[in-house]
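Owing to the predicted nature of the structure, the values given are computational and were not obtained by experimental measurement. The first residue in the sequence is number 1, and the count goes up from there.
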Amino acid sequence: MYHRTRIRRTRIRLVATVAAAGICALGLTACDSGDSGDTVTDKPKAKASASATTGEKPAAEKPAAEKSATPDVAKVGDTIALKGLEDGNKLDVTVVKIADPAKSSDEFTTPGSGKRFVGVQFKLVNTGTAAYSDSPANGAKITDVDGQQFDSTFADITAGPSMSSAVRLKPGGKALGWIVFEVPKASKTDTIQFAMNSGMANQTGEWKLS
């Protein structure tokens, strides 16, 4: 009798173990993504020093107070390193310039009544091991000081060529272009955000505009 009870208990434990393994398998994607939660990063990459880029000998060591530190918050001209949803998907994203207000390059495309165009020039560098293929404008949003967010719009501006709607970059490849937004004339822009995978990536970069 004791032997039968012991066997029954062992079977119950085995069934429970298999069930737990099944649950873990079903939730494998969520469990594997240790950083699956959405994050917004405004920490820029440190800029390379002149000696590192030109090969010149470094100048005499400056006192700590005089050394240029990496800014705490990314601004226009800074680069943020971002990750996509898939392994090997990585970009260095730089907000190069801002055109506010931006002027349409043709007479047929104009902002709506009471609105203006704002152009943001982005530079993308594929730092990953996989090819990058996306429509970058889908992953960009601009926010004003009141917290209102605005998606990109289709428009060409006189500031320069638009970012392609279908960017494909091999590892090491680069893309440069303007993304345009239509915002109320009274709105004061505050931040610009960018995320990979047409905005679906877990990590979003944010740059301060004002």
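Here the side chain of T109 pairs no donor or acceptor atom with the backbone of A155 at under 3.5 angstrom. Formation of a donor-acceptor pair under 3.5 Å by the D134 side chain with backbone atoms of S198 is found in this model. A distance-only check finds a donor-acceptor pair linking the side chain of N126 to the backbone of L169 [under 3.5 Å]. Within the 3.5 Å criterion, the main-chain N or O of G112 finds a donor-acceptor partner in the side chain of E182.
Taking the side-chain contact (heavy atoms from CB on, under 4.5 Å) definition, one finds that S105 meets it with D156, T158, sequence neighbours left out. Listed by chain and number, the residues in a side-chain hydrogen bond (donor to acceptor under 3.5 Å, both in side chains) with T191 amount to none (sequence neighbours excluded). Checked against salt bridge (charged side-chain N to carboxylate O under 4.0 Å, His left out), K208 has the following partners two or more places apart in sequence or in another chain: D190. By the side-chain hydrogen bond (donor to acceptor under 3.5 Å, both in side chains) test, N197 pairs with no residue at all, sequence neighbours left out. With sequence neighbours excluded, the residues that form a side-chain contact (heavy atoms from CB on, under 4.5 Å) with S133 are R168. Here D92 pairs with K45 under the side-chain hydrogen bond (donor to acceptor under 3.5 Å, both in side chains) rule; sequence neighbours left out. The salt bridge (charged side-chain N to carboxylate O under 4.0 Å, His left out) test applied to D144 returns no partner, not counting sequence neighbours.
Hydrophobic cluster membership is shared by V183 and W207, with clusters built from Ile, Leu, Val, Met, Phe, Trp and Tyr side chains linked at under 4.5 angstrom. The cluster map of Ile, Leu, Val, Met, Phe, Trp and Tyr, joined by side-chain heavy atoms under 4.5 Å apart, puts I179 and V125 in different clusters.
Taking every heavy atom of both residues into account, Q193 and V40 meet most closely at NE2-CG1, 4.1 Å. Summarising the geometry of A130 relative to P171, their closest heavy-atom pair is O-CG, 4.0 Å, with the distance given to 0.1 Å. Taking all atoms of both residues into account, the shortest heavy-atom contact from A195 to Q203 is CB-O, 3.7 Å. The minimum heavy-atom distance linking G84 with A201 is given by the pair CA-CB, 4.2 Å.
Looking only at side-chain heavy atoms (C-beta outward), K83 and N89 stay at 4.5 Å or farther from each other. A 4.5 Å side-chain heavy-atom check between L209 and V76 finds at least one atom pair inside the cut-off. Two residues are said to be in side-chain contact when any heavy atoms from C-beta on lie closer than 4.5 Å; T41 and I80 meet this criterion.
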Please list, one pair per line, the donor and acceptor atoms closer than 3.5 Å that link side chains of residues 135-142 to other protein atoms, with sequence neighbours excluded.
{"unit_1": "S135", "atom_1": "OG", "unit_2": "S165", "atom_2": "O", "d": "3.0"}
{"unit_1": "K141", "atom_1": "NZ", "unit_2": "D151", "atom_2": "OD1", "d": "2.5"}

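When hydrophobic side chains of Ile, Leu, Val, Met, Phe, Trp and Tyr are connected at separations under 4.5 Å, V96 ends up clustered with L176. Hydrophobic side-chain contacts under 4.5 Å tie V180 into a cluster, directly or through other members, with F117, I157, W178.
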Practice problem: List the steps, then state whether side chain to side chain contact (heavy atoms under 4.5 Å, CB included) holds for F181 with T189. | Solution: CA-CA 11 Å; F181 305 85; T189 57; over 6 Å; no
Practice problem: Begin with the C-alpha distance, continue with both residues' side-chain angles, and end with the deciding distance and a verdict on side chain to side chain contact (heavy atoms under 4.5 Å, CB included) for T39 and N202. | Solution: CA-CA 6 Å; T39 60; N202 295 325; 5.7 Å; no
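Sorted by first then second residue, the salt bridge (Lys or Arg N to Asp or Glu O under 4.0 Å) pairs that include residues 101-124, not counting sequence neighbours, are D100-R116. The ring-ring contact (aromatic ring centres under 6.0 Å, His included) contacts involving residues 118-150 comprise F122-F194, where partners must be two or more places apart or lie in separate chains.
Atom CD of E86 has 12 or fewer heavy atoms from other residues, nucleotides or ligands within 6.0 Å.
For the side chain to side chain contact (heavy atoms under 4.5 Å, CB included) criterion with T79, the lone passing option out of V95, L91, T94 is T94.
Distance check: T143 OG1 to E206 CD gives 7.0 Å after rounding to the nearest 0.5 Å.
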